[in-house]
Each structure stands twice: as structure tokens, then as C-alpha cells.
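What follows is a single structure, written as C-alpha cells, with notes after it.
Note that the structure is a prediction, hence the values are computed from the model and not measured. Counting begins at 1 with the first residue of the sequence. One-based numbering, in listed order, for ligands and for the atoms of each.
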Amino acid sequence: MTRPVSIGPVPESPIGTTLERHLLDRQRRMPEATGDFTGLFQQIMLAAKIIASRVSKAGLSGILGRTGTTNIQGEQVMKLDEFANRTIVQIVEAGGHVCVMGSEEVEDPITIPPEYPQGKYVLQFDPLDGSGNIDINASIGTIFSIHRRLTPPGRGSMEDLLQKGRDIVAAGYVIYGSSNMLVYSTGDQVDGFTYDPGVGEFFLSHPNIRIPERGSIYSINEGNYHNWSEGTQKWVDWIKTPNEERKAYSHRYIGAMVADLHRTLLRGGIFVYPPDVKTRKGKLRLLYEASPMAFLVEAAGGAASDGKAPILDIQPRELHQRTPVFMGSPVDVADALRFQES
Ligand code: AHM
Ligand code: MG
């Protein structure tokens, strides 16, 4: 007779909190919720998984793409940012939860085809931010924000898109890095979820992210030094010089806003894209880059300014409007802004 083999105590359930569960728990706590928001978010989550899968094969599609314009299935090889844009549009437009979308890749508002319902939300996104990093296999991301529509039921319009960041219902980003993460907020707190490719789910890994009061890293494209105002130049000279209160700050610049701000959220410090001294304009786009990130930074206890006012209070006038950006730990942002006044 064979003796039973002891397998020890039954292990605890390894199941963590999935993003799906997190959204449903939130929905249940709001009795007036219709499930529309959760539905839209689930579509964004699906798009993120599809984009992540394609991004992880980016080097491969480059090799295949070099031999001609078709891949081995005989399909056109699309640029990754175009692919990301189409993925989000096609999934969300059919979902029935939005009435109009705005994307960095598309000049005009993206309306919903008549065969689909017109929803009550407005989605704005940068499908693949930092796309210059694709070819060198460095981090890139997707940024998004959700507003309620302002116009009555029917087709959405530009008016729905030109809303302040302060009125965002939810914003987030997906970072495609050494692991893929989705970080989002509805304004009360910021939560981060890491993607487990084996399971195909995002799991809560960074609950309630709080940005440190002050960091030790500044992040700016210093190659533009000679295009900056004297105030910005003096601030950078000051921050990289040690004084009696602190060491010199370290400099880090990945060149993808999502990645630079992801580090800033977790470690503290400051990310800056200042105005050009001649044009007085910034590079980053207000509606689908600066505003969603400012919403997350403020929700995590940080500050986000265009140099004069909070980014979330800027009234947008154009879909692709640009703005200067000073974001991060509240003390570091306050220091940078003091130099802007000089
Ligand atoms: P993109 O959306 O076309 O990729 O451009 C935005 C990116 C940001 O992610 C990044 O912070 C910035 O542009 C980098 O610009 P620069 O190369 O001028 O430093
Ligand atoms: Mg971008």
C-alpha cells in the first residue's frame, strides 16, 4: 500500500486585486453609477493589452517591415503610433460610452460613426507618447483622460473636448517598460497596476501612490539650455549646485513624458518642459499630455504648473494646444517657479 504524500498546508490564494475588480468595487460604492465608466475603462484596458503586446514585438516588426511594406501575413506594416491610435479608436467607438475623442495622431475631433450609440463621456489620448524611443527599445507610454460630455445627447463636438483638466473624471497612463503598468486616478488617489502577461491581467501593485514632498532628481532636456529664459537657466544652475541644505540634484531624462513622470511620481523630484524663450510656447500638448499627467500628479499630492498657473486651470482654446510644464514634488515645483518670477 502506498502511503499518501504530505503536500503541506494549502497555500493561500495567490490571487491579488485585478484592475477589473478594482473598477467594479468602485462602481458598487457609487449607487448612482450606471456602469458606463467601468465599461469605458474596460475598453481602454483591452486597448492597452493589445498595444503592449505589439510594443513588445516592436523590434521584430521593424525587421519584418524592412523587407517591404508587408509583413509575413501579407498585411501592411503600420507604424506603432498609428497602430496604437487605431486600436483605441476602434475599440472605444464601438463601445457606446463616448460621444467624441481627441487624439495626438488625429487633427480633428474623432466623432462616433452613426451605427454606434453616442455615449456620455469624452476620451482624449496620446496613443504612444515618446515614440522616438521605440527604435532604441526604451520606455514609451499611452496617456488618457476622461471627461463628461457638456453638449446634449447626440454627436459630441469640439466644445466637449475643450474642457479644463480640473473637470477630468479620470486620467491615467500605461507605461510600456521593463514591465507594463497602468496607473490611474479618479481624483481621490492614484493606484498603479502591473501587467502579468502570463495571466493577461493588470494586478494592483502600487496602491495609493503619494509623491514625496521633495525629491533629488531634476528631469529636463538640458540640450535646450540656450533656448530658455534666464529664470529657467538660473534654476538649473542652482539645482545642480550643492548648498548647505542639500546635495546637488541628479539629472535623469528618458525623453518620454510618461516614463519621466512615472519615476517622478514614485521617487519625487521635478519634470520640466519649459517655454522656448523666443516663442514663449512649450512643446507638450495640453489636452492629452499635460492635463492628464497634472491630474495624476495633483491627486498624488504633487504640483503641476505652466510656470504661472496650475495646468488644471487652463481653459483650452485648441485641440492641439501646447503648454509649458513644471510638475512633480510640491517643494521642487515651488522652487522652480520662484526662479520663473525673477
Ligand atoms: P511625442 O508625443 O511626439 O512622442 O512627443 C512628446 C515627448 C514627450 O514624451 C517627451 O517628454 C518630450 O516629447 C521629449 O521632447 P524632447 O525630445 O524635445 O526633449
Ligand atoms: Mg506625446
> Which one holds for Asp260 and ligand 1: side chain close, backbone close, both close, or neither close, with close meaning a heavy atom under 4.0 Å?
Replying inline: neither
> Heavy-atom contacts under 4.0 Å between Arg285 and ligand 1: side chain, backbone, both, or neither?
Replying inline: neither
Under a 4.0 angstrom heavy-atom cut-off, which atoms of ligand 1 come close to [X]?
| X | answer |
| --- | --- |
| Asp126 | 2 (O) |
| Leu284 | 6 (C), 8 (C) |
| Phe271 | 11 (O) |
| Glu289 | 2 (O), 6 (C) |
| Met257 | 8 (C), 9 (O), 10 (C), 11 (O) |
| Asn221 | 16 (P), 18 (O), 19 (O) |
| Ser131 | 4 (O) |

So which N/O/S atom does [X] have closest to the Mg ion (ligand 2)?
| X | value |
| --- | --- |
| Glu104 | OE1 |
| Glu289 | OE2 |
| Asp129 | OD1 |
| Asp126 | OD2 |

[X] ring center near [Y] ring center (under 6.0 Å):
| X | Y | answer |
| --- | --- | --- |
| His251 | Tyr218 | yes |
| Tyr288 | His320 | yes |
| Phe41 | Tyr184 | yes |
| His262 | Tyr173 | yes |

>> Quick test of your reading of the structure: of Pro127, Gly141, Gly130, Gly255, whose heavy atom lies closest to atom 10 (C) of ligand 1?
In response: Gly255
> Under 4.0 Å between a Lys/Arg side-chain N and an Asp/Glu carboxylate O for Lys281 and Asp276?
Replying inline: no
Would you say [Y] and [X] are linked by a side-chain donor-acceptor pair, where the criterion is simply a distance under 3.5 Å?
| X | Y | result |
| --- | --- | --- |
| Lys234 | Ser229 | no |
| Tyr273 | Thr323 | no |
| His147 | Asp167 | no |

>> Using side chain to side chain contact (heavy atoms under 4.5 Å, CB included), reason through Lys49 and Tyr195 one step at a time and then give a plain yes or no.
In response: CA-CA 8 Å; Lys49 289 179 190 177; Tyr195 187 62; 3.7 Å; yes
Protein residue, atom and distance nearest to [atom], heavy-atom basis:
| atom | value |
| --- | --- |
| atom 12 (C) of ligand 1 | Lys283 NZ, 3.8 Å |
| atom 3 (O) of ligand 1 | Glu104 OE2, 3.3 Å |
| atom 18 (O) of ligand 1 | Tyr273 OH, 2.5 Å |
| atom 14 (C) of ligand 1 | Tyr253 OH, 3.3 Å |

> Is there a side-chain contact between Leu123 and Ile110 (heavy atoms, below 4.5 Å)?
Replying inline: no
>> A side-chain contact here means heavy atoms from C-beta on lying under 4.5 Å apart; do Val122 and Ile146 qualify?
In response: no
